[in-house]
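Accompanying notes for the structure given below.
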Amino acid sequence: MVRALYFHLYDDPFSGSVVSLSPHFFTPGLEYGQLGRTLTPIFAHQKIWRDGETRNREIFDFRYTEIAPGPQSFMVILMIFYTSIHVIAFLTLGEPHNATSAA
């Protein structure tokens with residue numbers, strides 16, 4: 001699904017690495033407290049997020065952002081299912097896309 005959203009945004013297949021997680025699903029060995037302390041400041045900055053376009057936001061919605069443009073850049077996609085189930089995906093990008101190319 002993450003790769004499909006990337007293709008939807010940029011009309012280009014994604015071939016990098018993807019890591020997905022959700023506070024609604026347990027991942028053994030994941031330090032949720034540390035992860036929350038790290039991600040909360042990122043997610044709190046509303047200005048960095050771009051809203052995805054969906055037909056029915058009550059069923060599926062998403063937001064996305066590129067962080068640290070340059071060779072070490074990555075993308076974060078926040079997917080929201082049924083207004084309450086959140087899944088976060090991290091994509092390693094290498095060279096960032098032009099933010100204006102995603103409409």
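Residue Phe90 is tested with Val18, Val2, Leu21 for a side-chain contact (heavy atoms from CB on, under 4.5 Å); the sole match is Leu21.
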Practice prompt. Given side-chain contact (heavy atoms from CB on, under 4.5 Å), test His86 with Leu78 step by step and report yes or no.
Written response: CA-CA 7 Å; His86 295 77; Leu78 172 60; 4.0 Å; yes
Fill in: Stepwise side-chain contact (heavy atoms from CB on, under 4.5 Å) test for Tyr6 and Leu91
CA-CA 9 Å; Tyr6 184 90; Leu91 300 79; 4.0 Å; yes
Discussion item. Could you walk me through whether Arg50 and Leu9 satisfy the side-chain contact (heavy atoms from CB on, under 4.5 Å) test, starting with their C-alpha distance in whole Å, then the side-chain angles of each, then the deciding distance to 0.1 Å, before giving a yes or no?
Written reply: CA-CA 11 Å; Arg50 300 188 72 194; Leu9 292 169; over 6 Å; no
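For His8 against Glu53, the heavy-atom pair with the smallest separation is NE2-O, 4.1 Å. Scanning both residues, Ile48 and Thr65, for their nearest heavy atoms gives O-OG1, 2.9 Å. Between Phe62 and Ile77, the shortest heavy-atom contact is CD1-CG2, 4.3 Å. Taking every heavy atom of both residues into account, Ala89 and Met79 meet most closely at CB-CE, 4.3 Å. When every heavy atom of Thr92 is checked against every heavy atom of Phe14, the shortest pair comes out as O-CZ, 3.1 Å.
Hydrophobic clustering, with ILVMFWY side chains joined whenever heavy atoms are under 4.5 angstrom apart, groups Leu5 together with Ile85. No chain of hydrophobic side-chain contacts below 4.5 Å, direct or via other Ile, Leu, Val, Met, Phe, Trp or Tyr residues, connects Phe7 to Met1. Residue Met75 is not grouped with residue Val19 when hydrophobic side chains (ILVMFWY) are merged at heavy-atom distances under 4.5 angstrom, including chains of intermediate members.
Taking the six-membered ring where the residue is Trp, Tyr64 and Tyr10 present perpendicular rings, their angle passing 60° and hence far from 30°. Classification of the Phe60-Phe81 ring pair by plane angle, with boundaries at 30° and 60°, yields tilted.
Put simply, the side chain of Arg63 reaches to within 4.5 Å of the side chain of Ile80, judged on heavy atoms. Considering only heavy atoms from C-beta on, Tyr82 comes within 4.5 Å of Ile59 through its side chain.
To the nearest 0.5 Å, atoms OG (Ser20) and CD1 (Ile88) are separated by 9.5 Å.
In this structure Glu58 satisfies the side-chain hydrogen bond (donor to acceptor under 3.5 Å, both in side chains) test with no other residue, sequence neighbours excluded. Qualifying side-chain hydrogen bond (donor to acceptor under 3.5 Å, both in side chains) partners for Arg57, counting only residues two or more places apart in sequence or in other chains: Asp61. Residues satisfying the side-chain hydrogen bond (donor to acceptor under 3.5 Å, both in side chains) test with Arg37, not counting sequence neighbours, are Gln34.
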